[in-house]
Amino acid sequence: MGKIASILGAILVVAGCAGPGGPIPEPTPEMALAMGVEEARLVRGRESYMTHCNRCHERVLPGKLDPEYWRGIVPHMAKYADLTEAEESDLLVYLMAAHGTVHGENLQH
Ligand code: HEC
């Protein structure tokens with residue numbers, strides 16, 4: 001029983017994270033350490049992303065664009081989404097961490 005429940009749980013976790021085009025990873029202590037930021041910043045960045053970044057168009061997944069492209073477009077989209085400077089910076093650091101996680105890259109920036 002316990003084993004079946006944990007297998008079902010694992011399937012649900014996988015299905016929940018991996019939408020078409022890749023997952024939207026939950027921040028972890030490892031991601032925060034690799035980026036050299038507090039995990040709270042990644043959590044806030046992900047929240048902004050989930051709240052605002054599908055208001056006008058479908059969510060563009062973190063793993064879909066190169067870090068350079070994200071760096072260029074986030075300031076523009078942050079204005080569209082009315083983010084504060086702090087929110088914009090948390091969003092960008094989350095996207096960098098998430099991109100690296102999705103692609104299994106070294107997260108240093
Ligand atoms: C108020 C509407 C609006 C909001 C909110 C918004 N966007 Fe956009 N987004 C657009 C429009 C319009 C475009 C088309 C290009 C342009 O206007 O620069 C676009 C284009 C993009 C692109 C380029 C797509 C491509 O394939 O090149 C990305 C990436 C993007 N948005 C990400 C985001 C993210 C991340 C957020 C959350 C901060 C966000 N957007 C919030 C309106 C919005």
Side-chain angles (χ1 to χ4, degrees):
M1 195 54 194
K3 196 172 178 193
I4 291 175
S6 58
I7 291 170
L8 280 179
I11 292 170
L12 285 179
V13 166
V14 170
C17 292
I24 304 173
E26 294 277 0
T28 62
E30 291 71 28
M31 281 160 80
L33 196 67
M35 298 302 290
V37 301
E38 285 179 34
E39 194 179 341
R41 286 192 60 196
L42 299 179
V43 170
R44 289 195 297 267
R46 191 177 190 275
E47 270 169 20
S48 290
Y49 176 75
M50 297 307 281
T51 309
H52 298 289
C53 299
N54 64 343
R55 269 168 39 200
C56 306
H57 47 70
E58 278 190 45
R59 229 173 244 125
V60 182
L61 293 163
K64 198 180 159 212
L65 300 176
D66 287 342
E68 279 317 309
Y69 196 93
W70 278 123
R71 281 197 193 93
I73 196 135
V74 161
H76 187 50
M77 291 301 135
K79 280 198 195 74
Y80 276 171
D82 278 327
L83 301 189
T84 65
E85 258 176 58
E87 286 168 338
E88 176 186 328
S89 137
D90 292 346
L91 171 66
L92 186 60
V93 83
Y94 168 71
L95 287 170
M96 297 295 104
H99 183 280
T101 302
V102 170
H103 292 284
E105 285 161 6
N106 178 353
L107 292 174
Q108 296 299 332
H109 55 157

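If you read the sequence from its start, that first residue is 1, and numbering goes on from there. Just so you know, ligand 1 is whichever comes first in the structure, and atom 1 is the first atom listed for that ligand.
- Less than 4.0 angstrom separates some heavy atom of L91 from each of these atoms of ligand 1: 38 (C).
- Between M77 atom CE and Y49 atom OH the span is 12.5 Å, to the nearest 0.5 Å.
- One distance of note links CG of L91 with CZ of R41; it measures 10.5 Å at 0.5 Å rounding.
- Atom CZ of residue R44 and atom OH of residue Y94 lie 14.5 Å apart, to the nearest 0.5 angstrom.
- Using a cutoff of 4.0 Å between basic side-chain nitrogens and carboxylate oxygens, R71 and E68 are scored as salt-bridged.
- Protein heavy atom in closest approach to atom 37 (C) of ligand 1: C53 SG, 1.9 Å.
- Of the protein's heavy atoms, none falls inside 4.0 Å of atom 14 (C) of ligand 1.
- Of the candidates M77, E88, R59, the one placing a heavy atom closest to atom 21 (C) of ligand 1 is M77.
- Residue contact check: I73 has heavy atoms under 4.0 Å from atoms 22 (C), 23 (C), 28 (C), 29 (C) of ligand 1.
- In this structure, L65 CG and H99 NE2 are separated by 7.5 Å, a value rounded to the nearest 0.5 Å.
- Within ligand 1, counting atoms from 1 as listed, the ones closer than 4.0 Å to a heavy atom of W70 are 29 (C), 35 (C).
- Distance check for H57 against atom 8 (Fe) of ligand 1: an N/O/S atom falls below 2.8 Å.
- There is a protein heavy atom closer than 4.0 angstrom to atom 23 (C) of ligand 1.
- Within the 4.5 Å cutoff, the side chain of R46 has heavy atoms near those of the E26 side chain.
- Under the 4.0 Å distance rule, the nearest protein heavy atom to atom 17 (O) of ligand 1 falls inside the cut-off.
- The distance criterion of under 3.5 Å between nitrogen or oxygen atoms is not met by Y49 with respect to ligand 1.
- Residue Y80 approaches ligand 1 through these ligand atoms, each under 4.0 Å from one of its heavy atoms: 1 (C), 3 (C), 4 (C), 7 (N), 10 (C), 11 (C), 12 (C), 16 (C), 17 (O), 42 (C), 43 (C).
- Residue-ligand proximity, C56 to ligand 1, at heavy-atom distances under 4.0 Å covers atoms 1 (C), 2 (C), 3 (C), 4 (C), 5 (C), 42 (C), 43 (C).
- Proximity of L65 to ligand 1, defined as any heavy-atom pair under 4.0 Å, is confined to the side chain (atoms from C-beta onward).
- At least one donor-acceptor pair under 3.5 Å links the side chain of T101 to the backbone N or O of A97.
- Residue-to-ligand polar distances place Y69 within reach of ligand 1: an N/O pair is separated by less than 3.5 Å.
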